A.B. asks: 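Here it is: the structure, laid out below.
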Amino acid sequence: MFSNPLKIYLFLIVMLTIGNIYAVAPFKTEIQVEKTEKNLYYQKDDSEKVKTILNLSKWYLSHYTDSKVTARKSLSYAFKALSISENIKYQEGVSESCLQLAVVLQQAKEYLKAKIYAKKAIEGFTKINEQDQLGESWVMYWSASFLSGTPYKERIPLLQNAANAFHKSGNKLREGDCYRQLGDIYQILGNGPDAIYCLKKALSFCPKNDLGRLYELYNLMGSAYLYSGDHKTAITYGLKSARLAEKLKIKSIFLCTVYNRIGLIYFEFQDFKSAQKYFSEALNIAIKENDIYAITKLTHNYSDVLLKQNQPKEAFEFLKDMESKFPGIYNNESVYMESQYMEIYMRFKQYNKAQTFVKPIKDKIKNVADYEEKLTAYLTLLKLSFKQKNYDQASKYCNSYDSTAKNIQNYRFNANVSFWKYAIDSAQGNCLSAMNNYRKYVGYTQNIYDDHKAKEINKMTILYETEKKNKNILQLQNKSILQNNKLHQADILKKLMIFSILLLLIIVGLLFRAYKVKQRNNKILNDQQNEIYQKNKTLQHLVVEKEWLLREIHHRIKNNLHMVVGLLASQTEFLKNEEAVQAINNSQNRIQAMSLIHQKLYQSENLSIIDMPSYIFELTEYLKDSFEIRNTIRFILNIDSFNLPLSHSIPIGLIFNEAVTNAIKYAFPNQENGIIDISLKTDGNSNYTLIIHDNGIGLPPDFDPYNNPSLGVKLMHGLSADIEGKFLITSVNGTKISLEFTFVENNLH
């Protein structure tokens, strides 16, 4: 396995943590989020509010790309959920909030802070025995530990704890994810048996239809078996991974890893042509993905297979060509390029040029983490020292190679150690030690090149290649069928074109006939339209005349009512009885209320409806002038804008007149600080409310609103009944008269 470790681990971390980030957030649109945020202020602090806030945090996190605003909102909501949970002692909310904070902080690259909150989430979920979320918390703690630089060995218990929690909760899929990651860590540490054990457990939990997870597992298992020296099983899983990659149409760096691994197996079995083929396919993908680390390793592998085929010149030209195309492969932290140049110069027996690469390799090798890369470098240094007959130096490099190889436990590397110890002992005359090392070398070689293994691998390769050829044959057959279908379709299309042309000629003939018919019909329609136009013009004149007559009627009614008011005013001069005068004045006000309606009707464009705000305002001003109250009583008007017809406006005007007149006359005997609050409102659904409320002395104690001899009260009750309204008189901080009625505005014409 050669691809950049950090890239692969970041991908696996996302795969392990993605479920926790997005699983719960219920919002689908920004409108839902905005509505929830507005309602959040009115929601009391409880567990439901905590869940809502956490969902908002998760929604913003899922939409967090490069926006600092969404990142801050996600973090702010997570902290808010934690604060409320702590205040109301909601332990589950505290734990969920800590887990969400760990996720947000990790995405913001605050890895140490993410670890702190992941640890708190672990403690919280442990207390409430919530195993599934406990597993997610351990995963977050593991991923934050990796990203903050915690050594591999210290990460193993974290993933094991996560796997145990998922096991208790019955979440097999997530348990399998943990064992998959454990297997990869054990492989990096060179612990093949534990790596294979964990990967087998992960495979047992993986659903058979989850091809993506199966592909990754086969890929890792192929690598683990390769380093353990089980080449047969390694090629089995390598080919399985390749099949799935082709089925899933994966052309990523992971498929590149699969092809490279298959090439390495063929390389070990000295099938260099097959190895070269797979290295070439892997290199093409690495170049397409622009992965410098992968390009570097595959450049080394491809040139190495050329050397094995005794083509040092071609290998050298290939290295130079790749270095010119990708300068980064020589300048990165890898030692592959230096090692390969040393190998080629040794083939050319130019040891002085090879020596120039020793210091760069020794400087870089201290920081190389990949065991296979270290082994390549030590082996190259060993060979050069041996060629220069510096056997002590060669022995030191051989020991370094041996100590590194022990971490991997692979027959190939053990065979190399035994061979070079044999070579060094032979050169120094240590015959007994040389013979022992040679026996070991032969033993390791036999394990590697077992005939049965080679046959099995060749058999599997033939099956894989045959499968690919069958697939290609099937594709060619499908192409042939498609071509025949196209020819058949072309023939049908030709016949269809001829039929279409004939049909078009028929349609043109029918259209011409229809055109003639339409011309005749148009003439008839024009005559009818002219007749209708003349009738409409006559009707329009009638409508105008009707409107003029209605306006004149309203004007005359208004004048007649004014005349009645004048006659009543003249009559009062001959009356000596105060009650009679008062009755005349009340009648004048009532008539004026009706007169004002007719005045507004003939002055407005619409002759059937009254604009209520202006009507109430003018009626109020009239009553103020009639009683000459000036500034002794203050009126407060709160009138909605709407229209009503005569059937409702006249009763409302008369009720208004009675209520305001009574308030002016009786509510304020001291004439101080008088306020009359007038409200006429609608709820928009055909319901209306008129309220006249004064702050005067209120009603007498013995006042009976339902059985009262007063003409004004009877009049208000009667008018309310006419419009099917609910009328009520109460004494609340003065006198309050309310009228509730219903009217459908669609009836207005």
Side-chain angles (χ1 to χ4, degrees), residues 13 16-27 32-64 67-148 150 157-158 161-162 164-166 168-169 171 174:
I13 284 169
L16 275 172
T17 59
I18 193 103
N20 178 61
I21 295 173
Y22 301 111
V24 189
F27 304 113
Q32 289 179 315
V33 172
E34 290 172 5
K35 186 177 180 181
T36 303
E37 287 178 321
K38 287 178 182 177
N39 295 334
L40 203 61
Y41 178 80
Y42 304 99
Q43 195 174 347
K44 66 178 182 178
D45 289 351
D46 57 11
S47 60
E48 289 302 316
K49 185 174 183 179
V50 171
K51 291 174 184 176
T52 302
I53 294 171
L54 283 172
N55 285 336
L56 286 169
S57 175
K58 290 169 185 175
W59 190 88
Y60 279 110
L61 181 65
S62 68
H63 291 72
Y64 168 38
S67 172
K68 292 182 180 179
V69 175
T70 53
R72 283 197 299 270
K73 280 194 172 185
S74 180
L75 192 62
S76 172
Y77 278 127
F79 274 120
K80 189 172 183 179
L82 178 60
S83 175
I84 295 173
S85 298
E86 288 175 341
N87 288 339
I88 65 175
K89 300 188 182 339
Y90 177 39
Q91 184 58 50
E92 186 179 351
V94 171
S95 306
E96 289 279 4
S97 302
C98 288
L99 179 56
Q100 179 65 9
L101 280 167
V103 174
V104 178
L105 289 166
Q106 178 176 290
Q107 194 154 335
K109 299 182 181 179
E110 296 280 353
Y111 305 129
L112 294 177
K113 290 182 181 178
K115 279 181 70 174
I116 292 169
Y117 283 102
K119 188 66 176 174
K120 288 182 179 179
I122 289 167
E123 292 168 358
F125 287 124
T126 302
K127 286 180 183 177
I128 62 176
N129 195 29
E130 179 59 52
Q131 294 297 325
D132 201 55
Q133 290 297 78
L134 177 60
E136 299 291 356
S137 302
W138 276 114
V139 168
M140 281 308 307
Y141 192 73
W142 161 78
S143 62
S145 297
F146 162 70
L147 294 169
S148 61
T150 303
L158 309 181
N161 289 338
N164 292 340
F166 287 129
K168 291 177 182 177
S169 70
N171 193 338
R174 299 291 283 144

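What you see is a predicted model, and the numbers here were worked out from it, not measured in a lab.
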A.B. asks: Calculate, to the nearest 0.5 Å, the distance between atoms CD1 and CD1 belonging to Ile84 and Ile53 respectively.
C.D. replies: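 Taking CD1 in Ile84 and CD1 in Ile53, the distance rounds to 3.5 Å.
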A.B. asks: Quick one: do the Tyr77 and Glu37 side chains pair a donor with an acceptor below 3.5 Å?
C.D. replies: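 Short answer, yes.
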A.B. asks: Could you check if a side-chain atom of Asn164 sits within less than 4.5 angstrom of a side-chain atom of Trp138, using non-hydrogen atoms only?
C.D. replies: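 Side-chain contact under 4.5 Å: no.
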A.B. asks: Could you label the plane-to-plane angle of the Phe146 and Trp142 rings as parallel, tilted or perpendicular, counting under 30° as parallel and over 60° as perpendicular?
C.D. replies: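 Judged by the thresholds at 30° and 60°, the geometry between Phe146 and Trp142 is parallel.
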A.B. asks: Check Ala162 against Val139 and note the closest heavy-atom contact, atom names and distance.
C.D. replies: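 That closest heavy-atom pairing would be CB-CG2, 3.8 Å.
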A.B. asks: If you apply the rule side-chain contact (heavy atoms from CB on, under 4.5 Å), what do you find for Tyr90 with Lys51, and how did you get there?
C.D. replies: CA-CA 11 Å; Tyr90 177 39; Lys51 291 174 184 176; 3.4 Å; yes
A.B. asks: In plain terms, say whether Glu136 and Arg174 are close enough for a salt bridge, that is, a side-chain N and a carboxylate O under 4.0 Å apart.
C.D. replies: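 Salt bridge between Glu136 and Arg174, a charged N being under 4.0 Å from a carboxylate O: yes.
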A.B. asks: Minimum heavy-atom separation for Gly135 and Phe166, please, with both atom names.
C.D. replies: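 Scanning both residues, the minimum pair turns out to be C-CZ, 3.4 Å.
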A.B. asks: Where is the tightest heavy-atom contact between Ser137 and Ile122, given as atom of each residue plus distance?
C.D. replies: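 It is CB-CG1, 3.6 Å.
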A.B. asks: Do Leu40 and Leu56 touch side chain to side chain, with heavy atoms closer than 4.5 Å?
C.D. replies: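 Yes, at least one pair of side-chain atoms sits under 4.5 Å.
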A.B. asks: Within the side chain of Ser145, is there an N or O that forms a donor-acceptor pair under 3.5 Å with the backbone of Tyr141?
C.D. replies: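 It does hold such a pair.
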A.B. asks: Will you find, in the side chains of Gln106 and Ser143, an N or O donor that is under 3.5 Å from an N or O acceptor?
C.D. replies: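 There is such a pair (donor and acceptor under 3.5 Å, judged by atom type) between the side chains of Gln106 and Ser143.
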A.B. asks: Donor-acceptor pair, Ser76 side chain versus Arg72 backbone, under 3.5 Å?
C.D. replies: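 No, because the side chain of Ser76 does not come within donor-acceptor range (under 3.5 Å) of the backbone of Arg72.
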A.B. asks: Side chain of Lys49, backbone of Gln43: donor and acceptor closer than 3.5 Å?
C.D. replies: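 A pair under 3.5 Å: yes.
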A.B. asks: Please determine whether side-chain contact (heavy atoms from CB on, under 4.5 Å) holds for the pair Lys119 and Cys98, giving the CA-CA distance in whole Å, both sets of side-chain angles, and the decisive distance to 0.1 Å.
C.D. replies: CA-CA 8 Å; Lys119 188 66 176 174; Cys98 288; over 6 Å; no
A.B. asks: CD/Gln131 to CG/Leu134 distance, rounded to the nearest 0.5 angstrom?
C.D. replies: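 The distance works out to 5.5 Å.
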